[in-house]
Amino acid sequence: MMSLNHKNIKTKKVITFIDNKTIYNSEYAELNIFKTYETTKNVFLNFDNTVIASMMTGKMIMHFDKTKPFLFTKGATLVIPEENNISIDFPEASLTTPTTYSGLVINQNKINEVVYHFNENTAIERENNNWDFKKQTSHLNNDTEINILINKLTNTFINNSKSKNALLDLMIQELIIRLLQSKARKLILKNVNDGFSDTRISYAIKYIKENLTKNDLSLDKISEKACMSKSHFFKKFKSTLGVTPIDYINSEKIKFAKQLIKNNPNQNISDIAYKTGFNNVTYFNRIFKKRN
């Protein structure tokens, strides 16, 4: 571990400082934890490597080339491709409440290795696409699984145990895969009616959306529509999107239920459960509470 105080950071347009920067190293990665104690704007940075940034306390306003500024808060994760220019505002940092965030840099060969295996194992029929981190910044808000994994990874970096490198190797691989799954899920769901509509997974998602409230929406019927066996469809869906088909269906139904409640707060719970395709009110209540 190496702790640097008032460390100068070379940036594209200016030189600034971060009051505290602590670096933790492993065989394949480096974790930087930053604490900023001053309210400031336009901190320009340029990254030579892909960085996975996570907010720990406070908030920042991020400015990227060709994108609108956005708020980066606790629970959010940002994948910043290599050679990407960024400007950061720290609107609330102070001596008593510093803004704290982490930047994880992973060996590019390790990233390439995991990405290669991910693409090999999740190749979707007729989909000429490879998932990577090179094209654009990925902003993830409150992805529970990724947040849990980043917290575990951070604790493992900090706690210098004998098994540190072995554990970090496994967690880094899982983190890369989950980030790729999240990116694939976001792109497929966004383009389900466009460029990806000829893929089996996208067709299945489209079918789910169109038949979401039907009581007979079953895995057997969806896999049949996707022209796959039930087991193959389940495996392909989960490996590509990072969630099971049932979890995805329930998630979409709960979103619809929330919209119904928002539009008419006085509706009976059993009516909402029925309208969203749940046959069992108890099951609906359990899923609803789980996702809130």
Indicate whether any N or O donor in one side chain lies under 3.5 Å from an N or O acceptor in the other, for Glu113 and Asn109.
no
Indicate the ring-plane relationship of Tyr101 and Phe34, choosing parallel, tilted or perpendicular according to the 30° and 60° boundaries.
parallel
For Asn268, which residues count as a side chain to side chain donor-acceptor pair (under 3.5 Å) partner, sequence neighbours excluded?
Ser270
Nearest 0.5 Å please: distance from the CG atom of Leu219 over to the CD1 atom of Ile208.
8.5 Å
Go through the structure and list residues passing side-chain contact (heavy atoms from CB on, under 4.5 Å) with Ile177, not counting sequence neighbours.
Val114, Phe118, Gln181
How many angstroms lie between atom CE of Met62 and atom CG of Asp89, to the nearest 0.5 angstrom?
10.0 Å
Just jot down the salt bridge (charged side-chain N to carboxylate O under 4.0 Å, His left out) partners of Lys164, sequence neighbours excluded, or say none.
none
Closest heavy-atom pair and its distance - Lys236, Met228:
CG-CE, 4.2 Å
I want to check something: taking the side chain as every heavy atom from C-beta on, are Leu78 and Ile52 in contact at a cut-off of under 4.5 Å?
no
Taking all heavy atoms of Ser229 and all of Ser223, pick out the closest pair and write down the distance.
O-CB, 4.0 Å
Hits for side-chain contact (heavy atoms from CB on, under 4.5 Å) against Glu174, two or more places apart or cross-chain, chain-then-number order -> Leu149, Arg178
When rounded to the nearest 0.5 Å, the distance separating CG of Asn32 from CG of Leu104 is 8.5 Å
Once side chain to side chain donor-acceptor pair (under 3.5 Å) is applied, do any residues pair with Thr39, and if so which ones, sequence neighbours excluded?
none
Pair Asn42-His63, side-chain donor/acceptor within less than 3.5 Å:
no
Taking side-chain contact (heavy atoms from CB on, under 4.5 Å) as the definition, give me every residue that meets it alongside Lys221, ordered by chain and number, with sequence neighbours left out.
Tyr207, Asp216, Ser218
Just to verify, what does Asp169 make a side-chain contact (heavy atoms from CB on, under 4.5 Å) with, not counting sequence neighbours?
Tyr28, Lys110, Gln173
Reported CD-to-CD1 distance for the pair Gln267 and Ile272, which is rounded to 0.5 angstrom
4.5 Å
Could you list all the ring pair (Phe, Tyr, Trp, His ring centres under 6.0 Å) pairs where at least one residue sits in residues 259-279, not counting sequence neighbours?
Phe278-Tyr283, Phe278-Phe284
Hits for side chain to side chain donor-acceptor pair (under 3.5 Å) against Lys214, two or more places apart or cross-chain, chain-then-number order -> Asn211
For Glu30, the option from Asn107, Val51, Ile106, Asn25 that meets side-chain contact (heavy atoms from CB on, under 4.5 Å)
Asn25
Hey, could you give me the CD1/CD1 distance between Ile222 and Ile246, rounded to the nearest 0.5 Å?
6.5 Å
After noting the C-alpha distance and the side-chain angles of Asp247 and Thr244, does the key distance pass the side-chain hydrogen bond (donor to acceptor under 3.5 Å, both in side chains) rule?
CA-CA 5 Å; Asp247 283 341; Thr244 68; 3.2 Å; yes
Residues which pass salt bridge (charged side-chain N to carboxylate O under 4.0 Å, His left out) with Lys255, listed by chain and number, not counting sequence neighbours
Glu252
With sequence neighbours left out, write down each residue that passes salt bridge (charged side-chain N to carboxylate O under 4.0 Å, His left out) with Lys238, or none if nothing qualifies.
none
Pairing residues for Asn285 by the side chain to side chain donor-acceptor pair (under 3.5 Å) criterion, not counting sequence neighbours:
none
